Amino acid sequence: MANLPILQFEEKIVETVEKNSVVVIIGETGSGKSTQLSQILHRHGYTKSGVIAITQPRRVAAVSVARRVAQELDVTLGEDVGYAIRFEDRTSSKTRIKYLTDGVLLRESLSNPMLDDYSVIILDEAHERSLNTDILLGLVKRLVRIRASNFKVLITSATLDGEKVSEFFSGCPVLNVPGKLYPVEILYSKERPVSYIESSLKVAIDIHVREPEGDILIFMTGQDDIEKLVSKLEEKVRSLAEGSCMDAIIYPLHGSLPPEMQVRVFSPPPPNCRRFIVATNIAETSLTVDGVVYVIDSGYVKQRQYNPSSGMYSLDVIQISKVQANQRAGRAGRTRPGKCYRLYPLAVYRDDFLDATIPEIQRTSLAGSVLYLKSLDLPDIDILKFDFLDAPSSESLEDALKQLYFIDAIDENGAITRIGRTMSELPLEPSLSRTLIEANENGCLSQALTVVAMLSAETTLLPTRSKPSDKKRKHDDDSNLPNGSGFGDHIQLLQIFESWDRTNYDPTWCKENGMQMRGMVFVKDVRRQLCQIMQKISKDRLEVGAHGRKSSSRDDYRKLRKALCVGNANQIAERMLRHNGYRTLSFQSQLVQVHPSSVLSADNDGMLPNYVVYHELISTTRPFMRNVCAVEMSWVAPIKRKMEKLNVRKLSGGPAPSFKKPEEKTELSKNDAETPAVSENVESRIEAARERFLARKGQK
DNA sequence: GAGCACTGC
């Protein structure tokens, strides 16, 4: 601890914090900023007037850093030093130093907007620019203005452009603290490889044969490429003459790997053995592998982006930024001097790569964040002019307002409604919180709680990619899982949880049915949390117990589908007349299809329901609706009428010159106009699919 | 008839 670089700057830091409300601290990896900054300020009396809060973008980081600081101060974790993450608050009235995720701090600021328990707020890892950190940056900027001058804010980051943040905070001082990284030699390719899998393979084997010991970390974009490269590496390593070089062991590393497979990279390798770790960007920030000396960087990353005009997400392979490239290279210099092989030329890095990764706030739907900001009732802050470090596009904000309007969270003037206020209490995306509120009025809250919890855990729920022998969750005739009774995926998710619930949460049930235990337990936790919040909100006692209940009835399903229709008013699609393609009602009307993994069933003529709601639009090989539920026309009609009356200009609080498209209204009200142009190709493909479906049905 | 970068309240 004594040799951490940051401690040499202790006096300088304290002196600067004393004189300024906001200080930016740029500290490279290994500087000790996450563990030492709080202790330095504690030593100099900053915990006398309040608690020091340090935010982290990730739960594991909040817990592990808190644990280390408690150790260094020789106190019991949860007393003087504690942490707070979702589902787990390990703090007490004694706590002076509190580590928490930035999401938890945002929740706290809902009930205590001044955050006046805190004498100091440290926003750590701000360079990652998570959505929550970006919103906190705007909020603390305001707090600095309105709270007493002894309130201090520190923004710390590894590579963040210090000048930009300093400018954002009216020219506050920037301190640089050196890190403890060893030098990393950067080697560039002469040109972009045709296949970066082949190219990585060649470079990795070259290193293995020629270079001294040290592990190799290879950055790929996704599971598919990782698996391909792993098997090629295994083959190649086997073919090397025995005794010609040291042994090798090859690990894949990505998010959908079960935890026990992920932690293998933390156990030390056998002696005289080199490890190859083939990873996604999970190894860029979330997981740090010791012993890496060589990094191979493909220069690509897979990133999810949101298109506010179509409401559609896509998962694209894109070029990384300079910041990311340097973060990857830094992974080679943690234990001793290393080398980074970039599979792209210097000119590409210099001229083509963006300086920094596009912040999340510019890549995601903002409905939740805008509702959050509206619920804070900041009299001096106009949402559309909220002070963001990097502002989202006006199109994106406009989209968020429209979404909130259709689900009654804001009125036609853009003011938050009673429903919107209740929604903001719930840690859910707006469509789901709206569904819960409707279900509460509707008499199907228990079912809705389950579905909403299942949906918010969906990605952790799915079984690891099915091998041909594995049972698939959906559309498999021999699967034991319920099928949604024809109504679609939401009902199936409800039935799945109810089945597990009836076994008294038996782990073997999960295994037998191909569900991930970890994901199902998370659903249970989310459900319990939502239950408590709903109990608090409602005055009446709620019927929300799931355990020991009989299965839901068709009548329950009907109520639930109706609540889903209200909550997903933005996400309704209408089937085309002659085939099973759908067009979306809100957003620019577009042709989409039900995702093939859906359990939604067709009628005897092979036709799907006339109206469905969907949880998400995702463009992969084609635009798909994922998680689809059948709804009825009479439920959709009032929503359609509401859409026709939409006036975007009013929503955003009067004429706003930044909005370029006030004509949006006419565009949206054309719902009853002719079907949008569809290329013949798509039409005929859908027609062919329907014929195949009918043929299969006839065979049975 | 297709597909899952990574977080988080």
Side-chain angles (χ1 to χ4, degrees), chain A residues 55-62 84-89 100-110 125 128-133 135-136 219-227 253-257 279-287 298 300-305 313-318 320 324 357 360 363-364 368-369 371-372 423-430 432-433 453 456-466 472-476 516 519 522 525-526 529-530 533 580 593-599 616 618-624 626 685-686 688-690 692-693 696:
Chain A
T55 69
Q56 295 290 325
R58 276 173 296 280
R59 296 161 55 93
V60 275
I85 59 177
R86 188 181 190 179
F87 307 135
E88 203 184 347
D89 184 351
L100 69 179
T101 49
D102 42 24
V104 168
L105 187 60
L106 279 178
R107 285 281 135 201
E108 286 188 3
S109 104
L110 267 182
E125 314 289 359
E128 291 189 24
R129 301 296 305 276
S130 78
L131 179 60
N132 288 339
T133 305
I135 291 173
L136 280 173
F219 283 102
M220 292 274 125
T221 58
Q223 187 177 350
D224 264 349
D225 289 351
I226 288 173
E227 281 167 7
L253 184 60
H254 52 82
S256 37
L257 226 48
T280 59
N281 50 335
I282 196 171
E284 223 172 78
T285 47
S286 307
L287 298 179
S298 64
Y300 291 100
V301 67
K302 207 178 270 185
Q303 207 171 63
R304 194 175 140 102
Q305 7 239 353
Y313 280 95
S314 59
L315 201 56
D316 307 315
V317 172
I318 60 161
I320 58 173
Q324 269 175 305
T357 314
E360 191 184 357
R363 293 188 271 118
T364 192
S369 303
L371 178 62
Y372 173 85
M423 285 168 62
S424 62
E425 301 269 321
L426 293 155
L428 289 169
E429 48 188 290
L432 299 182
S433 49
S456 44
E458 242 254 324
T459 50
T460 57
L461 270 181
L462 294 166
T464 44
R465 180 174 324 201
S466 47
K472 286 179 198 155
R473 188 183 120 202
K474 301 194 171 181
H475 256 348
D476 218 346
Q516 295 229 40
F522 178 72
D525 287 339
V526 173
Q529 186 190 29
L530 295 174
I533 298 173
N580 278 338
Q593 280 181 270
V594 175
H595 196 275
S597 65
S598 176
V599 293
E616 178 179 74
I618 175 105
S619 176
T620 49
T621 51
R622 271 174 282 163
F624 288 114
R626 276 192 49 210
R685 235 178 3 211
I686 295 168
R690 178 171 169 247
R692 276 197 302 278
F693 174 86
R696 239 193 357 257

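Hydrogens, waters and symmetry mates are skipped; everything else that's a heavy atom, side chains included, is used. Residue numbers begin at 1 in each chain, while the letters A, B, ... track the order of the sequences. No experiment lies behind these values; they were computed from the predicted model shown.
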*Can you tell if the side chain of A:I618 reaches within under 4.5 Å of the side chain of A:R304, non-hydrogen atoms only?*
yes
*Does some side-chain heavy atom of A:S109 sit less than 4.5 Å from a side-chain heavy atom of A:L136?*
no
*asked:* From CG of A:D316 over to C1' of B:dA5, roughly how many Å is that when rounded to an integer?
replied: 11 Å
*Indicate whether OP1 or OP2 belonging to B:dG3 is found under 4.0 Å from a side-chain N or O atom of A:T621.*
yes
*When syn is taken as a glycosidic angle within 90 degrees of 0, is B:dC6 syn or anti?*
anti
*To the nearest Å, give me how far apart CG (A:L131) and P (B:dA5) are.*
21 Å
*When all nucleic acid strands are considered with a 4.0 Å heavy-atom cut-off, which category describes A:V104: base, sugar-phosphate, or nothing?*
sugar-phosphate
*What does A:R86 touch in the nucleic acid at a heavy-atom separation under 4.0 angstrom: a base, only the sugar-phosphate, or nothing?*
base
*How about A:T133 and A:T55: do any of their side-chain heavy atoms sit closer than 4.5 Å?*
no
*At under 4.0 Å between heavy atoms, what does A:I282 touch on the DNA or RNA strands: base, sugar-phosphate, or nothing?*
sugar-phosphate
*Ignoring backbone atoms, test whether A:T101 places a side-chain nitrogen or oxygen under 4.0 Å from the OP1 or OP2 oxygen of B:dC9.*
yes
*Whole angstrom value for the distance that separates P of B:dG8 from CZ of A:F522*: 9 Å
_Atom-pair distance (CG on A:L315; C1' on B:dC6), nearest Å_ = 10 Å
_Distance check needed: B:dA5 P versus A:D225 CG, whole Å only._
9 Å
*Under 4.0 Å between a side-chain N or O of A:R622 and OP1 or OP2 of B:dA2?*
yes
_Toward the 5' end of DNA chain B, by each residue's nearest nucleotide, A:P427 or A:H254_ = A:H254
*A:E360 has an atom CD; how far is it from atom P of B:dT7, in whole Å?*
12 Å
*Just to confirm, is there a sub-4.0 Å distance from OP1 or OP2 of B:dC9 to any side-chain nitrogen or oxygen of A:R59?*
yes
*Please examine the side chains of A:T285 and A:R58, heavy atoms only from C-beta on, and report whether any two atoms are closer than 4.5 Å.*
yes
_Phosphate OP1/OP2 of B:dC6: any A:T280 side-chain N/O under 4.0 Å_ = yes
*Does any non-hydrogen side-chain atom of A:Q593 lie less than 4.5 Å from one of A:N580?*
no
*Rounded interatomic separation in angstrom, taking CD1 from A:I135 and C1' from B:dT7*: 14 Å
*Closer than 4.0 Å, any side-chain N/O of A:T620 to the OP1 or OP2 of B:dG3?*
yes
*Using whole Å, report how far CG of A:D224 lies from C1' of B:dG3.*
8 Å
